[in-house]
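The structure appears below as structure tokens.
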Amino acid sequence: MNKEVSRRTIVAGNWKMHGSRVANQELLQSLTALMTKDNLSTEVLVFPPSLYLDGVSKQLADSDIGFGAQNLSEQAKGAFTGEVSASMLKDLNCGHVLVGHSERRSLYNESSKLVAEKYKAALEGGLIPVLCIGETLAEREAGQTMDIVFRQLDAVLDVVGTEGLSQGIVAYEPVWAIGTGMTASPEQAQEVHHDIRSHLRELDEALAANMQILYGGSVNGQNATQLFAMSDIDGGLIGGASLKADEFFQICKAAG
Ligand code: 13P
């Protein structure tokens, strides 16, 4: 299937709470070595734990691999023990930041309102937010997938508007597919991506046409090609498989 417009694909690795200084160095060494051999047209990003961003920044200084944080504070600065601000991430040369990952929503009670504030803080700090949205299995089975996804999207639109949303990236990650090995079929994922784009089109034609919408949830070296071939899937947000250089590189190649 041909993409109608030329949105650049992105493959992003969310390392979650994995890694160590040594393991990160080895992973990035392998990945940069693999990437210099092939000329990839896809944009490649990694999201290490915040503590390691400085080291990753130094290691990736001369590479084409971009990087970002997995979370940020909605506050700009002040007495917020344990939090990390957008400007601090920018100070470490981060280009991107994940907001609203389902693990943050479900395990740390982040509401859609808070996620929207974080999205806004990221933009104000000069970062590109990657907004993660997706339904649980119970919600899918109850036929509520699009209600949930639109609600999560609209919460951000309410705070930053279409202009703000257009400066970020959307990642559709069905919660039931995350870390379960139970990936959405290319058709299931395409259906939601298509509906997200249609929803955006009702607000702004250009926003819909240009918005990069990534799929996440058990993407691996085997299923990536078929998922990325779908017309509204512009790449992937990869968890487990991003910790293995060979497999992550295979996924990057599948995206271009
Ligand atoms: P898995 O690829 O391990 O399913 O994780 C997906 C994810 O949560 C990426 O943010």
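Among R8, R197, H193, the single residue meeting the side chain to side chain donor-acceptor pair (under 3.5 Å) criterion with D234 is R197.
For H199, the ring pair (Phe, Tyr, Trp, His ring centres under 6.0 Å) partners at least two apart in sequence or on another chain are F150. For S30, the side chain to side chain contact (heavy atoms under 4.5 Å, CB included) partners at least two apart in sequence or on another chain are A245. The side-chain hydrogen bond (donor to acceptor under 3.5 Å, both in side chains) test applied to K113 returns E117, not counting sequence neighbours. For D54, the side-chain hydrogen bond (donor to acceptor under 3.5 Å, both in side chains) partners two or more places apart in sequence, or in a different chain, are K58. In this view, H101 satisfies the ring pair (Phe, Tyr, Trp, His ring centres under 6.0 Å) rule with no residue, not counting sequence neighbours. Residues meeting the side-chain hydrogen bond (donor to acceptor under 3.5 Å, both in side chains) test with E139, sequence neighbours left out: T136. N93 meets the side-chain hydrogen bond (donor to acceptor under 3.5 Å, both in side chains) test with S57; sequence neighbours excluded.
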* To do: Starting from the C-alpha separation in whole Å, work towards a yes-or-no answer on side-chain contact (heavy atoms from CB on, under 4.5 Å) for L27 and V46.
  => CA-CA 11 Å; L27 176 57; V46 293; over 6 Å; no
* Mind running side-chain contact (heavy atoms from CB on, under 4.5 Å) on V130 and F47 for me, showing each step along the way? => CA-CA 11 Å; V130 181; F47 292 84; 4.2 Å; yes
* For side-chain contact (heavy atoms from CB on, under 4.5 Å), just list the numbers for L153 and L131, CA-CA rounded to whole Å, side-chain angles, deciding distance to a tenth of an Å, and then say yes or no. => CA-CA 8 Å; L153 205 52; L131 171 67; 3.9 Å; yes
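For residues 204-230, the pairs satisfying salt bridge (Lys or Arg N to Asp or Glu O under 4.0 Å) are R201-E205, with sequence neighbours left out. Residue pairs meeting the side-chain hydrogen bond (donor to acceptor under 3.5 Å, both in side chains) criterion with at least one member in residues 59-81, sequence neighbours excluded, are N71-K118. Pairs engaging residues 144-173 under the salt bridge (Lys or Arg N to Asp or Glu O under 4.0 Å) rule: none recorded [sequence neighbours left out]. Counting only residues at least two apart or in different chains, salt bridge (Lys or Arg N to Asp or Glu O under 4.0 Å) contacts with residues 209-222 are absent. Listed by first and then second residue, the salt bridge (Lys or Arg N to Asp or Glu O under 4.0 Å) pairs involving residues 124-135 are K120-E124, E135-R140 (not counting sequence neighbours).
Here the straight-line distance linking atom CG of L31 with atom CZ of F249 works out to 8.0 Å at 0.5 Å rounding. For the atom pair L72 CG and K90 NZ, the distance stands at 12.5 Å (nearest 0.5 Å).
Judged by distance alone, the side chain of Y215 and the main-chain N or O of A184 form a donor-acceptor pair under 3.5 Å. At distances below 3.5 Å, not a single donor-acceptor pair connects side-chain atoms of S166 with backbone N or O atoms of L207. Panel note: side chain D91, backbone S87; no donor-acceptor pair is recorded below 3.5 Å. Y172 places no side-chain N or O within donor-acceptor distance of the main-chain N or O of I196, the cut-off being under 3.5 Å. Of the possible donor and acceptor atoms, one in the side chain of R7 sits under 3.5 Å from a partner among the backbone N and O of A209. Side chain of Q152 to main chain of G134: a donor-acceptor pair is present (N/O by atom type, distance under 3.5 Å, no hydrogens or angles). Between the side chain of N223 and the backbone N or O of N220 there is at least one donor-acceptor pair closer than 3.5 Å.
By the 6.0 Å contact criterion, CD on E191 is open, its count of non-hydrogen atoms from other residues, nucleotides or ligands being 12 or less. Atom CD of Q188 has more than 12 heavy atoms from other residues, nucleotides or ligands within 6.0 Å. Taking a 6.0 Å sphere around NZ of K16, one finds it holds more than 12 heavy atoms contributed by other residues, nucleotides or ligands.
In summary, the side chains of T183 and S218 do not present any donor paired with an acceptor at a separation below 3.5 Å, with no hydrogens or angles considered.
The two residues I178 and S102 come nearest to each other via the heavy atoms CD1-OG, 3.3 Å. Residue Y119 comes nearest to G168 through the heavy atom pair OH-CA, 3.2 Å, listed as atom of the first residue, atom of the second, then distance.
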